[in-house]
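Have a look at the structure below, then the notes.
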2 protein chains.
Amino acid sequence: MKKLSEAAVSQKLKTLEKWRIKEEKWIERRYRFKDYLEGIRFVNKLAEAAEEVNHHPFITIQYKLVIVELTSWSENGLTDLDFDVAIQYEKLYKEMV
Amino acid sequence: MKKLSEAAVSQKLKTLEKWRIKEEKWIERRYRFKDYLEGIRFVNKLAEAAEEVNHHPFITIQYKLVIVELTSWSENGLTDLDFDVAIQYEKLYKEMV
């Protein structure tokens, strides 16, 4: 996986409107849930998906808010993999709510 | 639940050696796991316990590190409940590792 240029990142973010760039090398999305355990079920889905591709987002659970952050440590920045899994997370979310 | 004094908090922390105070109104503990999904299983146990007593910690999952933060929003500080659940989390952790 190759680190993406700033222009490539901007381009990719156009189709992921709820994600935002954070401190240059992260993309972040905040997911809100109607109840706490629904958020926890989502975290479990993310974790399963993360383990499958060996790419693990940082996840913060603040009651009904689940914050997901992605980066590619090996490249010290963002790669196609971050965007591929972000798209996958959007699908998992849509299946739930 | 009544907000605890600084002295009471210090006293209670003596028996919770891995917990530390953070920004006056939080207590925090960092749990490390041998593998990612073990950490996720722990998060599920915390979530279940949290829902039972309707007191929800902030939880951050950074790969094999799970950071747990507790406060009592209603009191804008720490109460007995925070320490009661911290003790419970320690038991849940010891059952796992």
Side-chain angles (χ1 to χ4, degrees), chain A residues 1 19-20 22-23 25-79 81-82 85-86 88-89 92-93 96-97, chain B residues 1 19-20 22-23 25-79 81-82 85-86 88-89 92-93 96-97:
Chain A
M1 283 284 165
W19 290 76
R20 68 176 191 92
K22 191 187 146 189
E23 291 158 20
K25 62 178 179 182
W26 296 85
I27 49 171
E28 184 200 77
R29 160 86 146 101
R30 301 163 86 84
Y31 294 93
R32 285 180 195 281
F33 294 88
K34 272 178 301 198
D35 74 77
Y36 180 65
L37 292 181
E38 191 181 33
I40 299 296
R41 281 193 293 278
F42 182 62
V43 168
N44 279 287
K45 286 179 188 249
L46 292 187
E48 199 185 315
E51 195 70 354
E52 259 173 39
V53 291
N54 195 28
H55 194 63
H56 305 82
F58 277 13
I59 303 171
T60 303
I61 305 159
Q62 296 182 352
Y63 196 35
K64 298 176 187 177
L65 173 69
V66 175
I67 304 164
V68 180
E69 293 163 287
L70 280 162
T71 194
S72 292
W73 297 99
S74 61
E75 305 304 324
N76 193 33
L78 291 158
T79 65
L81 182 57
D82 296 303
V85 301
Q88 189 188 5
Y89 297 171
L92 291 173
Y93 182 64
M96 285 194 68
V97 292
Chain B
M1 282 286 167
W19 290 76
R20 69 177 189 90
K22 190 186 146 190
E23 291 159 20
K25 63 178 179 183
W26 296 86
I27 49 171
E28 184 200 79
R29 160 85 146 102
R30 300 163 85 85
Y31 293 94
R32 286 181 194 281
F33 294 89
K34 271 177 301 199
D35 73 78
Y36 180 65
L37 292 181
E38 190 181 35
I40 299 297
R41 282 193 292 277
F42 182 62
V43 168
N44 279 289
K45 285 180 189 248
L46 293 186
E48 198 184 317
E51 195 70 354
E52 260 174 39
V53 292
N54 195 29
H55 194 61
H56 304 82
F58 278 12
I59 303 171
T60 302
I61 305 160
Q62 298 182 351
Y63 196 35
K64 299 177 187 177
L65 173 69
V66 175
I67 303 165
V68 180
E69 292 162 289
L70 281 161
T71 194
S72 292
W73 296 99
S74 60
E75 305 303 323
N76 192 32
L78 291 158
T79 66
L81 183 56
D82 295 303
V85 302
Q88 190 189 4
Y89 297 171
L92 292 173
Y93 182 65
M96 285 193 68
V97 292

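Numbered from 1 within each chain, the chains take letters A, B, ... in sequence-line order. Owing to the predicted nature of the structure, the values given are computational and were not obtained by experimental measurement.
Side-chain contact between B:V43 and A:I61 is present, with heavy atoms from C-beta onward closer than 4.5 Å.
Most heavy-atom pairs under 4.5 Å with chain A, from the set B:V66, B:I67, B:T60: that is B:T60.
Between the CD1 atom of A:I59 and the CD1 atom of B:I40 there is a distance of 5.5 Å, given to the nearest 0.5 Å.
A:Y36 and B:H56 have perpendicular rings, their planes meeting at more than 60° on a 0 to 90° scale where under 30° would count as parallel.
Surrounding CD of A:E48 are at most 12 heavy atoms belonging to other residues, nucleotides or ligands under 6.0 Å away.
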